[in-house]
Student: 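Next up is a structure, given as structure tokens.
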Amino acid sequence: MNSEIFDIGLGNNDTATREDAGRDYVAFWEKQARSLAWFEGWSEVLSWKPPFARWFVGGRINASYNALDVHQKDPERAAILWEGENGQRRKITYGQLFCDVQKFSNALKSSGVKKGDRVTIYLPMVPELIVAILSCARIGAIHTVIFSGFSASSIRDRVVDSNSKVVITADGGYRRGSIVKLKETVDAALEGLDFVQNVIVLRRTGNEITLGKRDVLWDDFVKNHPASCDAEPLPSEHPLYILYTSGTTGKPKGVLHDTGGYLTHIGSTFRWAFDIKDSDVYFCTADIGWVTGHSYVAYGPLICGATMVLYEGAPDYPSQSRMWDILQRYKVTIFYTTPTALRMFMKFGDSIPNSFDLSSIRLLGTVGEPINPEVWRWYYTVIGKGRCPIIDTWWQTETGGMMISPLPGLETIPLKPGSAALPIPGVDIAVVSEDGTELPPDTKGYLVIRKPWPGMLLTLWGDDEKYKSVYWSKYPGYYYTGDYAIKDKDGYFWLLGRADDILKVAGHRIGTAELESSIVSHHSISESAVCGVPDDVKGEVIIAFLVPKDGVAVTDGLRKEVIEHIRHDIGPIATPHQIYFVSKLPKTRSGKIMRRLLKAIASNEKIGDVSTLEDGAAVNEVQSAFDELKKQIK
Ligand code: WTA
């Protein structure tokens with residue numbers, strides 16, 4: 001693999017932690033758990049009844065207590081430095097956040113929300129989103145945050161699946177200067193769903209909204225509630241949240257995380273990866289609607305008592321220098337973003353970041369997709385000025401927290417551009433062949449996790465069988481990540497993208513099955529197949545092959561209609577980059593769509609590039625399907 005090595009670190013050299021983890025991973029995680037505040041200790045560190053793990057059984061803990069109560073020695077310390085897209089600014093201290101959360105917790109309780117009830121949150125990136133999350137956690141309600149770019153029907157599916165009693169939203173949110181009418185979307189989503197008892201509406205943009213019988217304005221909801229509400233001592237395995245994510249099957253899956261194991265994982269990795277100090281100003285650009293925002297915006301920084309910047313809007317609005325302006329103004333020391341954002345910044349040109357003082361930065365992170373070595377080098381040189389380690393963190397919604405990453409807070413190791421380096425201590429990750437045997441170094445295979453880890457999902461909400469089949473059936477005893485990877489001779493991991501039917505567009509997960517089923521719900525389309533092709537900025541973009549119903553004319557109007565339909569059904573993130581109409585999809589004799597062939601066609605490759613045979617189809621079969629498809633494309 002790449003022999004280029006950057007010997008950069010912070011000089012930390014804690015070899016004992018890795019040695020500890022190597023000796024006994026269960027005892028190791030037990031030691032890490034002690035850095036949290038527990039109401040009661042556990043009787044069993046790990047109950048492992050494959051594939052179900054329960055961590056710190058018998059222990060009692062509360063996430064909100066660990067994020068707030070423990071930091072009240074210094075209530076004036078800044079927790080959140082918030083910047084709205086419209087330039088508005090707010091500083092929220094740990095004391096203020098503590099007070100707001102307790103009030104909101106009391107209000108939730110008095111509206112009838114009980115331990116274990118689900119609460120859906122559909123808010124822009126405002127501090128109240130964090131207040132809502134921590135209030136649910138405080139009383140033991142399970143939050144389910146939906147990214148504010150999702151459509152009404154996506155919200156509806158999630159509210160129904162989670163059976164949420166309460167929905168929290170805002171009148172609107174700012175995006176690129178315009179107002180996204182969130183309340184209106186929620187109204188459409190909840191039509192006829194009588195089990196939703198209350199919709200709490202934050203005033204953010206001041207746009208006109210209609211308030212129905214069950215709707216309450218945020219300020220009225222919290223008014224007159226006392227600012228004191230003790231955190232509920234919850235069992236360690238009590239679910240903290242459901243986060244819906246795209247999978248290989250039609251409907252999004254509700255990934256369910258516990259409390260004690262998850263917090264142990266998040267707290268440890270946040271400290272190890274970011275070497276967090278009291279003097280740091282941490283800025284993660286992820287939206288809280290995705291897992292990065294849950295783990296490393298909402299929970300990680302707060303349980304570690306960090307000061308963070310929270311930004312509401314688009315990274316290039318109103319100008320291409322917005323990010324660097326924020327970094328300079330708040331003197332950000334740790335910056336955590338995505339390869340897609342970096343590729344975009346890189347395209348804008350070096351002169352933009354070069355005209356800002358970025359000397360406060362000491363650590364740079366990335367997450368969500370493979371980072372190309374040239375983008376890594378750009379990040380390292382232009383943004384970090386060759387001084388800052390790049391923390392390329394590999395993980396998933398399901399893993400809860402980072403699994404493979406350089407950890408400068410723990411140790412100084414050489415970095416290789418494009419590699420996420422080593423697994424974190426206490427996890428067992430390997431690259432295996434199709435039949436599950438570990439592959440020799442430098443060989444591409446499937447990434448698996450061979451032992452339970454504390455941030456591991458509990459199950460899929462309401463569907464243990466699907467949990468078993470999605471993650472544990474390909475390699476019995478191993479968790480299947482769905483990623484391709486290579487482990488090199490030095491033990492460094494190179495993540496090579498998804499091996500399953502999940503696309504990563506601008507770092508967002510989109511299931512091909514979900515998208516295809518949305519497309520065929522359009523009245524003019526009978527069949528569809530989607531695939532991803534490489535893109536300079538977004539990493540991957542969506543190409544859709546559609547078979548119109550008999551008698552339907554293929555026009556630009558139809559193309560537009562289908563796109564509108566997808567945006568309406570799922571949300572703008574699932575919009576295809578290109579749509580091809582065909583009269584027949586290429587399939588194997590067993591009826592499976594030849595996806596790699598579609599990919600080859602969409603990327604303008606020759607059939608010879610489709611090197612391995614698709615799902616057992618014969619070469620001549622693939623060849624004729626290829627020729628036929630090329631002829632048909634409109
Ligand atoms: C991909 C995001 C390469 C991977 C935290 C994984 C990455 C999926 C990296 C999970 C990385 C995440 N390098 N690929 N550093 N981080 N991925 O659930 O394919 O949105 O399986 O979680 O993102 O996406 P998810």
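Just so it is clear, the structure is predicted and the values come from calculations on it, not from any experiment. Atoms within a ligand are numbered from 1 in the order they appear, just like the ligands themselves.
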Student: Mind telling me whether Phe6 and Tyr380 have parallel, tilted or perpendicular rings, with 30° and 60° as the class edges?
Tutor: perpendicular

Student: Would you call the rings of Tyr446 and Tyr475 parallel, tilted or perpendicular, taking 30° and 60° as the class edges?
Tutor: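 Because their plane-to-plane angle lies in the 30° to 60° range, the rings of Tyr446 and Tyr475 count as tilted.
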
Student: Heavy-atom count around Lys538 NZ within 6.0 Å, excluding the residue itself: above 12?
Tutor: no

Student: Check each protein residue for a heavy atom under 4.0 Å from ligand 1 and list those that pass, ordered by chain and number.
Tutor: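 Ligand 1 is contacted, at a heavy-atom distance under 4.0 Å, by Val291, Thr292, Val367, Gly368, Glu369, Pro370, Asp392, Thr393, Trp394, Trp395, Gln396, Thr397, Asp483, Leu495, Arg498, Lys504, Arg509.
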
Student: What residue pairs, at least two apart or across chains, pass salt bridge (charged side-chain N to carboxylate O under 4.0 Å, His left out) with a residue in residues 472-482?
Tutor: Glu434-Lys474

Student: Examine Arg158 relative to Phe150 and say whether NZ or CZ is less than 6.0 Å from the centre of the six-membered ring and inside a 45° cone about the ring axis.
Tutor: yes

Student: Output, in order, the C-alpha distance, side-chain angles, deciding distance and verdict of side-chain hydrogen bond (donor to acceptor under 3.5 Å, both in side chains) for Thr340 and Arg343.
Tutor: CA-CA 5 Å; Thr340 289; Arg343 286 187 292 256; 3.2 Å; yes

